[in-house]
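Chain letters run A, B, ... following the sequence lines, proteins first, then strands; residues in each count from 1. The figures here come from the full heavy-atom set of this structure, side chains too, leaving out hydrogens, waters and symmetry mates.
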Amino acid sequence: MGRPELKEHIINKDWCKGCGICVHFCPKNVLELDSDAKVYAARPEDCIYCRLCELRCPDLAIEVKKVTFNERKDKIRSGQ
Amino acid sequence: MGVKDYIRTRFFPHIWCPGCGHGTVLNSLLTAIEKLGLSKNDIVFVSGIGCSSRISGYVDFHTLHTIHGRAVAFATGVKMSRPGLNIIVPMGDGDALAIGGNHFIHAARRNIDLTAIVMNNRIYGMTGGQFSPLSGYGIKATTAPYYNIDHGFDIAELSVAAGATFVARSTTYHVKQLTNIFCKAILHKGFSVVEVLSQCPTYFGRKNNAGSAVDMMEFYKNNTIPKGSKAKEENSDLIERGIFVQKELPEYCEEYDKIIKIAKNRG
């Protein structure tokens, strides 16, 4: 079993209040605030799927999705 | 995310200020409940009044939003009538230890099976930033414009002295530890107290130049240490976090059942 692989950051912009907790404490500096002071994943390729942003978010606005076992299997089979 | 299955999404976004630690406590609590795999029907949230107590409106369990300081009293009633339910009592520092101080210490003394969560932001946020019994000496508040001359409680020591059988402390920065502590507190049979240091950037932060929510969480990161760490001997200002007490004592509802049986056999 390898490391979990990031699929996507699902961000609920209606709930995000732009406090910046996730941006500041991200160990890989993946997230940033946009011009509306809402969070977005600026460098998703650096994400290590620690989920600390999701766990610390006071607004329950971030969800970090990982690639599931079956999706991974399909990827390998299709030779990607 | 399973956490979303446990909330009443129609009330979101919630009323808490940007960066409020109470949101992180909610998040962590739901993560713990999801981890334990508890059924929604087996959980009751009983809260009083205050920013922190609004939590019971947001969770999709049985919820009871009661009067100021009396959350533990109402929770005692629920537990006595339905001992099979898991009762979680989220409270603020003022709700738990000023207005509800007596209920709190006596529930701890009885060792009734409740999980009391004290979200300690050291201020009355909802009413405009008055100092609370947890503010502590030297802190500024709306009602202490120069500085506060009252000393604060130590919730952990107070709970241990009052007889709580599970006492722990963590912060909103240490979410993984916090989730683990919540799991243990919910599973514990008896009165469990979890103190969570939770930032109030709006009132406590502004009045005391503590900076933004991020700065206040950095403070928790740099000024708390695991319980029993040697760093505490060198710097007594550091705040210990972890589990302070975890012991087994007869639980109140079970003892009460025994008395009922004795009385019935006599009659």
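A:Arg77 is listed as a side-chain neighbour of A:Lys73, based on a closest heavy-atom distance under 4.5 Å.
The OG1 atom of B:Thr115 sits 7.0 Å away from the CG atom of B:Asn86 when rounded to the nearest 0.5 Å.
When the side chain to side chain contact (heavy atoms under 4.5 Å, CB included) test is applied to A:Val67, the partners found at least two apart in sequence or on another chain are A:Glu5, A:Lys7, A:Glu71, A:Arg72. Taking the ring-ring contact (aromatic ring centres under 6.0 Å, His included) definition, one finds that B:Tyr203 meets it with nothing, sequence neighbours left out.
If you measure heavy-atom distances from B:Thr9 to chain A, the contacts under 4.5 Å come from both the backbone and the side chain. The part of A:Asp14 that comes within reach of chain B is its backbone (N, CA, C, O), which places non-hydrogen atoms under 4.5 angstrom from that chain.
Using a 4.0 Å cut-off between charged side-chain N and carboxylate O, A:Asp59 and A:Lys13 make no salt bridge.
Near-neighbour residues of residues 16-31 of chain A relative to chain B, defined by a heavy atom under 4.5 Å from a heavy atom of that chain, comprise A:Lys17, A:Cys19, A:Gly20, A:Ile21, A:His24, A:Phe25.
Options B:Lys221, B:His22, B:Glu218 differ in how many heavy-atom pairs under 4.5 Å they form with chain A, and the most are formed by B:Glu218.
Identified under the salt bridge (charged side-chain N to carboxylate O under 4.0 Å, His left out) test for residues 38-63 of chain B, with sequence neighbours left out: B:Arg8-B:Asp60, B:Lys40-B:Asp60.
Exactly one of B:Val175, B:Leu178, B:Thr179 qualifies for a side chain to side chain contact (heavy atoms under 4.5 Å, CB included) with B:Thr31. That residue is B:Thr179.
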